[in-house]
Visitor: 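Starting off with a structure, shown below.
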Amino acid sequence: MPKLMRRALALVAAAAIAAQFAPTAAHAAAYQVLVFSKTAGFRHDSIPAGVQAIRDLGVTGDFGVTATEDATAFTAANLAQYKAVIFLSTTGDVLNDSQQSAFQSYVDGGGGYVGVHAAADTEYGWPYYGGLAGAWFDSHPAIQQATVKNEDRAHPATAHLAATWTRTDEWYNYRTNPRATVHVLQSLDETSYGGGTMGDHPITWCHPQASGRAFYTGLGHTTESYADPNFRSLLLGGIRYAAGAVQADCSPPSGGGPTTVEGEAYTSSAGVQIASHGMASGGRTLGYIDNGDWAGYASVSTQGATGFSARVSSGGAGGTIQVRSGSATGTLLGSVSVPNTGSWDTFTTVSTTLTGSASGPVFLTFTGSGGGGLFDVDTFTLTRSPAAAPTEGEAYTSSAGVQPADHAGASGGRTLGYIDNGDWAGYASVSTQGATGFSARVSSGGAGGTIQVRSGSASGTLLGSVSVPNTGSWDTFTTVSTTLTGSASGPVFLAFTGGSGSLFDIDTFTLTR
């Protein structure tokens with residue numbers, strides 16, 4: 001077939017796809033979203049109610065809605081029409097390689113992802129998706145009432161809720177705890193229901209994804225959920241954040257806490273298999289490990305990891321676990337020997353410190369000289385440097401020009417406010433010694449400006465500076481950050497520069513070391 005004819009046919013096909021998925025809104029909506037609900041596994045009865053609820057939210061929220069279960073919608077040209085794509089209780093392998101590539105480019109290039117409930121039960125073989133969703137589904141108990149703890153009540157998805165929320169749903173357990181890599185909005189109180197297996201149990205979260213945004217909630221199994229005004233407001237806030245219609249602080253914690261992972265929750269591997277053991281966590285282990293095998297965990301970052309421990313068993317030769325970053329041959333952070341424990345059902349814990357700096361996903365590679373199975377891995381834990389405690393902006397000990405300002409969405413309900421060009425604030429009890437990074441939670445309905453981080457005085461050693469944008473209002477917060485350079489040990493001073501009038505407010509700031 002001549003090249004020109006093939007090109008013409010390709011253009012016709014592309015035009016047909018664009019026409020098929022063209023948004024059909026009754027009014028000129030501010031933006032468009034795509035609802036995708038294809039299932040290749042379990043199908044939720046609540047999907048039609050979910051689609052209709054999102055259409056209703058589009059009317060009140062001023063966005064148009066296109067709903068489809070046709071994966072051919074995932075092309076670069078078609079996705080470009082939408083500010084966000086909502087995976088509504090999708091299950092299984094729903095996108096082919098080219099569709100995955102188009103969607104990844106869309107999100108990383110500035111698009112939004114919203115995952116609802118079984119979106120976490122989707123695309124287990126695609127590591128990028130695991131990181132985008134935040135965690136993959138592991139199990140769930142029966143539908144029952146539970147208490148939801150609203151950890152962040154400033155985000156547009158949760159600002160309407162009280163500190164706790166009692167509701168009935170199907171409560172997912174996840175293969176990994178995403179807290180170290182996402183911004184948790186809601187978690188479950190596992191003492192309020194039966195069948196929770198995570199201890200610390202995030203259930204709704206958000207995070208930046210390259211130039212795009214991601215929001216996920218495990219709520220939404222039941223049809224009744226989509227008639228619940230509180231859940232609908234949660235969903236609306238998540239959609240608006242993912243679409244970029246509102247700004248919100250979704251920064252993951254700096255440093256993070258310990259991350260405990262089920263060994264069998266790998267997302268890529270060579271040689272290993274899942275083994276059943278009654279004494280193991282969840283009744284299963286990462287097993288059948290031979291020399292040269294490996295397992296990767298796409299949603300578990302090595303960033304900030306300083307220690308590694310694993311619960312292991314061995315009725316074989318034992319061997320060594322190597323902890324690597326990025327790939328099975330990536331940066332070696334540390335290794336630990338695994339002994340013969342006496343049987344495959346006798347567990348012990350081995351541990352080691354990790355060195356070096358890396359931020360890719362964790363990979364475990366296995367070595368040993370014996371024939372046959374070397375050992376099993378039940379769970380492993382990455383420990384991290386403790387996250388630095390934030391300082392309240394209004395807790396200054398000396399200042400010029402600034403005053404505390406009341407804001408319901410701020411930590412403690414107040415900010416460092418009324419900031420004009422040339423103002424400053426000092427914090428006598430916060431040392432700059434060893435500081436390598438600075439971040440601040442800020443808002444601005446004014447001109448924005450610059451925060452200078454200085455040591456010793458308002459005109460002391462300049463360690464770094466960061467720009468603060470107009471965030472849309474004084475009650476819309478975002479996080480800005482910068483690295484700090486130089487050596488100083490005096491108390492921290494923040495000096496402010498910008499145009500005329502009030503520039504911005506500072507809710508909290510954090511020095512990392």
Side-chain angles (χ1 to χ4, degrees), residues 151-152 154 183 249 251-257 304 306 384-469 471 474-475 477-513:
E151 297 190 19
D152 181 346
H183 180 82
D249 181 8
S251 303
S254 64
T306 56
R384 306 173 193 274
S385 300
T391 300
E392 294 288 335
E394 68 274 13
Y396 53 84
T397 55
S398 57
S399 66
V402 299
Q403 299 177 45
D406 293 327
H407 291 281
S411 171
R414 295 193 303 169
T415 66
L416 172 68
Y418 302 97
I419 296 171
D420 296 331
N421 181 51
D423 290 349
W424 58 267
Y427 302 81
S429 61
V430 184
S431 172
T432 58
Q433 186 163 8
T436 57
F438 172 86
S439 63
R441 187 171 188 258
V442 297
S443 69
S444 177
T450 301
I451 303 171
Q452 296 179 343
V453 184
R454 295 183 176 271
S455 181
S457 72
S459 58
T461 302
L462 178 64
L463 303 178
S465 62
V466 63
S467 296
V468 178
T471 63
W474 295 105
D475 294 300
F477 291 89
T478 191
T479 298
V480 295
S481 61
T482 188
T483 56
L484 301 180
T485 58
S487 177
S489 58
V492 69
F493 279 74
L494 304 182
F496 312 117
T497 63
S500 60
S502 293
L503 305 178
F504 48 83
D505 281 14
I506 299 177
D507 180 14
T508 62
F509 69 88
T510 301
L511 292 181
T512 53
R513 305 176 194 275

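We number each residue from 1, following the sequence as shown. Because the structure is a prediction, the values reported are computed rather than measured.
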Visitor: How long is the span from the CD atom in Glu394 to the CG atom in Asp406, to the nearest 0.5 Å?
Guide: 9.5 Å
Visitor: I'd like to check Val442 versus Phe509 (side-chain heavy atoms, cut-off strictly below 4.5 Å). Are they in contact?
Guide: no
Visitor: Mind checking whether Pro404 and Arg414 have side chains closer than 4.5 Å, heavy atoms only?
Guide: yes
Visitor: Are Val466 and Phe438 close enough that some pair of their side-chain heavy atoms sits under 4.5 Å apart?
Guide: yes
Visitor: Could you report the tightest heavy-atom contact between Ala458 and Ala495, atom names first, then the distance?
Guide: O-CB, 4.0 Å
Visitor: Quick check on side chain to side chain contact (heavy atoms under 4.5 Å, CB included): which of Thr415, Leu494, Val468, Thr391 does Ile506 satisfy it with?
Guide: Leu494
Visitor: Looking at every heavy atom in both Phe493 and Ser398, which two are closest together, and how far apart are they?
Guide: CE2-OG, 3.7 Å
Visitor: Using a 4.5 Å cut-off on heavy atoms from C-beta on, say whether the side chain of Tyr396 contacts that of Trp424.
Guide: no
Visitor: Side chains of Leu484 and Val453: closer than 4.5 Å at any heavy-atom pair?
Guide: yes
Visitor: Testing the 3.5 Å rule here: is there a donor-acceptor pair between the side chains of Asp152 and His183?
Guide: yes
Visitor: I need the minimum non-hydrogen distance between Asp420 and Gly501, along with the two atoms involved.
Guide: OD1-O, 3.1 Å
Visitor: What pairs with Glu151 under side-chain contact (heavy atoms from CB on, under 4.5 Å), at least two apart in sequence or on another chain?
Guide: Arg179, Val184, Ser187
Visitor: Quick check: do His407 and Trp474 have side-chain heavy atoms less than 4.5 Å from each other?
Guide: yes
Visitor: Is the closest side-chain heavy-atom distance between Phe496 and Val402 below 4.5 Å?
Guide: yes
Visitor: Provide the closest heavy-atom pair for Ser444 versus Phe504 in the form atom of the first, atom of the second, distance.
Guide: CB-CB, 3.9 Å
Visitor: Mind listing the closest non-hydrogen atom pair of Ala405 and Asp505 along with its distance?
Guide: CB-OD2, 3.9 Å
Visitor: Restricting to pairs with a member in residues 446-460, which pass side chain to side chain donor-acceptor pair (under 3.5 Å), not counting sequence neighbours?
Guide: Thr432-Ser455, Gln452-Arg454
Visitor: Does the side chain of Thr471 reach to within under 4.5 Å of the side chain of Phe477, using non-hydrogen atoms?
Guide: no
Visitor: As an exercise, state the distance from OG of Ser502 to CD of Gln403, rounded to the nearest 0.5 Å.
Guide: 9.5 Å
Visitor: Is there a donor-acceptor pair closer than 3.5 Å between any side-chain N or O of Asn421 and the backbone N or O of Gly498?
Guide: yes
Visitor: Any chance you could measure Asp249, atom CG, to Ser443, atom OG, to the nearest 0.5 Å?
Guide: 11.5 Å
Visitor: So which atom in Arg441 and which in Asp507 form the shortest heavy-atom distance, rounded to 0.1 Å?
Guide: NH1-OD2, 2.6 Å
Visitor: Quick check for you: to the nearest 0.5 Å, what is the distance between Thr497 atom OG1 and Leu503 atom CG?
Guide: 7.5 Å
